[in-house]
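Okay, handing you the structure first.
The chains referred to below are lettered A, B, ... by the order of the sequence lines, with proteins before strands, and numbering in each begins at 1.
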Number of protein chains: 2
Amino acid sequence: MEVKNPKDIEQNPVCEVQCVHTDLISACINQIITSDQATHLAELFKTLGDSTRIRIVDALAKAEFCVCDLAALLNVSQSAISHQLRVLRNSSLVKYRREGKMVYYSLDDDHVLRLYSQGLEHVNEK
Amino acid sequence: MEVKNPKDIEQNPVCEVQCVHTDLISACINQIITSDQATHLAELFKTLGDSTRIRIVDALAKAEFCVCDLAALLNVSQSAISHQLRVLRNSSLVKYRREGKMVYYSLDDDHVLRLYSQGLEHVNEK
DNA sequence: TTCTCATATGAATATTTGTTCATATGTAGT
DNA sequence: ACTACATATGAACAAATATTCATATGAGAA
């Protein structure tokens, strides 16, 4: 029943609840990640949040592959692989080198492998 | 939801490209993560792929909070926080305990913190 | 019981996103 | 120049998803 008035929100974003532990909140408010940082970090995780990209990363954790190899190995169209590789590139998760007509992709650094392995550990234990 | 023309796939999943390094592929094909595993892992990362959930995790990395604390701290509606907490619960990233009317949330284990920190490291270095 | 309030949840909506299709770009060879 | 082919990319469509709104549930107090 207690519907919050939009005007109240403008005045005070916290008015909707009563239980707030104000001391704890004021102690933490300055330590919380900023919205900008959160957005960047979320984008990194979001990049790994697709099964096709996970399979690409898994493959690249084992060897360097060209685009058509990945398409064949994962049974996904060349276009789809290429689109997804761009997403992975934009998040600095993979790097590439050109050799003639072909482009070979690999994981950007050990950092990526650690992040991936950490996730794998979590799902294997749960 | 991932592939191209079903008829082509039945006939020959690789027909669209010519460059395939068949030896490398047959050496790797059995080591690649299964689609099922990839889906599970992707869901874990997807869970962290939203800025609101990142901010929740960041807060819970510092202290235990009840739902209304999180709503106030992050300036997000109670309903939205509650919805997102369920997503985090479903991926075993947070746990909770009831105390009277209130429900206190915290990170499920150190695993989650390591995964989160690893991601934070990556974005800070790039 | 009834009231209050902290939390959870279903439905609806708006935005995001992954794939396909068609086409463009870039590179090597003729 | 032209052809072949590996890769990239824009547009369109379908599927997934985050938030809001309204309401339900659960727990303590009167």
Side-chain angles (χ1 to χ4, degrees), chain A residues 1-6 9 13-21 35 38-39 42-43 45-56 65-72 74-91 94 96-105, chain B residues 1-9 14-21 38-39 42-43 45-56 65-72 74-91 94 96-105:
Chain A
M1 281 302 178
E2 26 72 71
V3 180
K4 53 188 169 109
N5 185 331
I9 293 174
V14 184
C15 65
E16 119 189 72
V17 285
Q18 281 82 20
C19 75
V20 181
H21 300 79
S35 287
T39 300
E43 259 154 35
F45 284 117
K46 202 178 298 182
T47 302
L48 290 170
D50 173 79
S51 64
T52 300
R53 289 193 292 268
I54 284 290
R55 290 163 74 213
I56 292 175
F65 284 99
C66 69
V67 177
C68 64
D69 281 346
L70 288 170
L74 307 180
N75 196 22
V76 175
S77 75
Q78 177 270 320
S79 178
I81 290 283
S82 200
H83 277 295
Q84 300 297 21
L85 283 170
R86 179 166 52 162
V87 177
L88 290 166
R89 260 184 292 148
N90 287 342
S91 291
V94 304
Y96 63 96
R97 67 183 177 84
R98 179 144 222 149
E99 192 175 309
K101 282 185 282 191
M102 272 125 97
V103 178
Y104 289 90
Y105 281 83
Chain B
M1 189 166 307
E2 44 193 37
V3 270
K4 35 185 182 174
N5 188 332
K7 288 174 190 167
D8 289 346
I9 292 170
V14 186
C15 63
E16 121 190 66
V17 286
Q18 281 82 21
C19 76
V20 181
H21 300 79
T39 299
E43 258 153 36
F45 284 116
K46 202 180 298 183
T47 303
L48 290 170
D50 173 80
S51 64
T52 299
R53 289 193 293 267
I54 283 290
R55 289 163 74 213
I56 292 175
F65 285 100
C66 69
V67 177
C68 63
D69 281 347
L70 289 170
L74 307 181
N75 196 22
V76 174
S77 75
Q78 178 271 319
S79 179
I81 290 282
S82 201
H83 277 295
Q84 300 297 20
L85 282 170
R86 179 168 51 162
V87 177
L88 290 166
R89 258 182 300 157
N90 287 342
S91 291
V94 305
Y96 63 96
R97 66 183 178 84
R98 181 146 222 147
E99 192 175 309
K101 283 186 283 192
M102 271 126 94
V103 178
Y104 289 90
Y105 281 84

With a 4.0 Å cutoff (strictly under), does any side-chain N or O of B:Arg98 reach OP1 or OP2 of C:dT7? no
- Message: Counting the atoms with a prime plus P, OP1 and OP2 as sugar-phosphate, which does A:Tyr105 contact under 4.0 Å by heavy atoms, base, sugar-phosphate, or nothing?
- Response: sugar-phosphate
### Message
With a 4.0 Å cutoff (strictly under), does any side-chain N or O of B:Thr52 reach OP1 or OP2 of D:dT19?
### Response
yes
Query raised in the report: D:dT9 base to A:Ser79 side chain: any donor-acceptor pair below 3.5 Å?
Result: yes
Winner on side-chain proximity to B:Val67, out of C:dT9, D:dA11, C:dT7, is C:dT7
B:Asn75 atom CG is separated from D:dT20 atom C1', nearest whole Å, by 15 Å
To the nearest angstrom, the CZ-P distance between B:Phe45 and C:dT17 comes to 17 Å
Worksheet item: Is the OH atom of A:Tyr104 crowded by more than 12 outside heavy atoms at less than 6.0 Å?
Response: yes
Whole-Å distance, B:Met102 CE to C:dT4 C1', equals 14 Å
A:Lys101 has its side chain closest, among C:dA6, D:dT20, D:dC5, to D:dC5
query: Under 3.5 Å, is there a donor-acceptor pair between the side chain of B:Arg53 and the main chain of A:Ala42?
result: no
Distance col, row A:Met102:CE vs A:Cys68:SG, nearest 0.5 angstrom, shows 5.0 Å
| Taking only side-chain nitrogens and oxygens of B:Ser77, does any of them come within less than 4.0 Å of OP1 or OP2 of D:dT20? | yes
B:Lys46 side chain near D:dA16 phosphate (N/O to OP1/OP2, under 4.0 Å)
no
Checking C:dT9, C:dT19, C:dA28 against the side chain of A:His83 (C-beta onward), the nearest is C:dT19
At under 4.0 Å, does any side-chain N or O of A:Tyr96 touch on OP1 or OP2 of D:dA8? no
dist A:Asp50:CG -> B:Glu43:CD (nearest 0.5 Å) comes out at 11.0 Å
Margin query: So, OP1 or OP2 of D:dG10: does either fall under 4.0 Å of a side-chain N or O from A:Arg86?
Written below: yes
Here the distance between atom P of D:dA18 and atom CD1 of B:Ile56, to the nearest Å, is 11 Å
On DNA chain C, more 5' by nearest nucleotide between B:Ser82 and A:Gly100 is B:Ser82
When rounded to whole Å, the OH to C1' distance for the pair A:Tyr104 and C:dT27 reads 14 Å
B:Leu85 atom CG is separated from C:dA6 atom P, nearest whole Å, by 16 Å
TODO: On the 0 to 90° scale, with breaks at 30° and 60°, tag the B:Phe45-A:Phe45 ring pair as parallel, tilted or perpendicular.
DONE: parallel
Separation between CD1 (B:Ile56) and CD1 (B:Ile81), nearest 0.5 Å, reads 4.0 Å
Of B:Cys66 and A:Glu99, the one whose closest nucleotide on DNA chain C sits nearer the 5' end is B:Cys66
If the cut-off is 4.0 Å, is A:Gln78 near the phosphate of D:dA8, judged by side-chain N/O to OP1 or OP2? no
When rounded to whole Å, the CD1 to C1' distance for the pair A:Ile81 and D:dT9 reads 15 Å
Taken to the nearest whole Å, CG/B:Asn90 to P/C:dA8 is 12 Å
